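All remarks here apply to the structure that follows.
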Amino acid sequence: MNEFALIQHYFKQAAVVTCNDSICEPCEPVVLGIGDDAAIVQPPAGQQLVITSDTLVAGRHFPVDTPAHAIGWKAAAVNLSDIAAMGARPYAVLLAISLPDVNPDWLAQFSRGFFDCCAPEKVQLIGGDTTKSSLLSITVTALGWVEQAKAIRRDGAQVDDLIVVSNTLGDAAYALKQPKSDLQHRLDYPQPQNRLGMALNGYATSMLDVSDGLAQDLGHILTASGVGANLHLENLPLSATVQQLPQPQAWQLALNGGDDYALCFTIAAKRFEQFCQQYARQFELQVIGQITAGTGLSLLHHQQPYTMNLQGYQHFD
Ligand code: ADP
Ligand code: MG
């Protein structure tokens, strides 16, 4: 199978099939999708383009024996998560893939996983690139829209804001250490929180998605906003499995483990109350701390200072 047949079969056709699906209707029209030199999209009036790119390399971002369906899912999910973290509405993705060989089964599973993640958000694949390389590598670019100047950035946290996270923390890091545990799906199938991200627009003062460990990622909000934070360890949301670990170990996973793809945001206490009233029980949210006038992250356990090594994932260490 040559490159053009491969694109046609696994990416263009699959995209059309998914978009005819009832779950995907009504898709916002793309002016021109896969097939020409470049895609064309028409920005909605008054909206800003939010754009992001993330690469997954075999053996680095996922174990080499990860099922193709999960790789496809995750490649889309980590990018949709970044769009969610801006409070934007995801719109379309581009997929640049380098493959060691053409394995029809693998490609069928991969593309299905990719579209399974995109379909619920009505996100369409509008282009990309396909090359041969000894190492499997996947780069996805995601596009989203947000009302003019309404994106939720990292630099908006205010003193006394609550710090809130969605979803349990440390599960993916646990699965990486304990393959085939009951948390394996949390590593293989991160759930981008797009509905929550959009709902928080107009409520959250700052936000990001937790991909490299909560402590490091929350640190980015603190630095960008010029504030500090108190974090209450007893409030960290942990799954039942992680909770069974000795406490310091569970906190290590929750604070330093990567790949959670939860959203972490700051919000004024009053606005949080209003948000919870409006979206009663639609989202699992946990208040884990407050923004302070200080600098850096202070850990507290039942109000007592607690010391712990905080180091998230870094590529060039
Ligand atoms: P060019 O040589 O002009 O870069 P390509 O042959 O690489 O064009 O791609 C042909 C068309 O297929 C383009 O519209 C491109 O965006 C699309 N395409 C290529 N690879 C992929 C892919 N992996 N997923 C989705 N679209 C792709
Ligand atoms: Mg090309």
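All of these numbers come straight from a predicted model, not from anything done at the bench. Counting starts at 1 for both ligands and their atoms, in listed order.
Counting heavy atoms closer than 4.0 Å to ligand 1, residue Ile7 contributes side-chain atoms (C-beta onward) but none from N, CA, C or O. For Lys12, no heavy-atom contact with ligand 1 is shorter than 4.0 Å. Here Ile97 has side-chain heavy atoms under 4.0 Å from ligand 1, and that is the only part of it that gets that close.
Distances below 4.0 Å separate heavy atoms of Asp37 from the following atoms of ligand 1: 3 (O). Heavy-atom proximity to Gly35, at under 4.0 Å, picks out these atoms of ligand 1: 11 (C), 13 (C), 14 (O). Every atom of ligand 1 with a heavy atom of Glu3 under 4.0 Å away is listed here by number and element: 6 (O), 7 (O). Applying the 4.0 Å criterion to heavy atoms of Asp36 picks out, from ligand 1, the atoms 11 (C), 13 (C), 14 (O). Annotation for ligand 1: atoms under 4.0 Å from non-hydrogen atoms of Ile34 are 12 (O), 14 (O), 17 (C), 25 (C), 26 (N).
Phe283 and Tyr279 have tilted rings, their planes meeting at an angle from 30° to 60° on a 0 to 90° scale. Aromatic ring pairs are classed by plane angle as parallel below 30°, tilted from 30° to 60° and perpendicular above 60°; the pair His69 and Tyr189 is tilted.
With Leu80 as reference, Val93 is the one residue of Thr52, Val93, Asp54 to meet the side chain to side chain contact (heavy atoms under 4.5 Å, CB included) rule.
Taking a cutoff of 4.0 Å between a charged side-chain nitrogen and a carboxylate oxygen, Asp101 and Lys132 do not qualify as a salt bridge.
Residue pairs that meet the salt bridge (Lys or Arg N to Asp or Glu O under 4.0 Å) test with at least one member in residues 180-207, sequence neighbours left out, are Glu121-Arg195, Asp171-Arg186. Counting only residues at least two apart or in different chains, ring pair (Phe, Tyr, Trp, His ring centres under 6.0 Å) contacts with residues 224-248 are absent.
Heavy-atom distances between Phe4 and ligand 1 reach below 4.0 Å in at least one pair.
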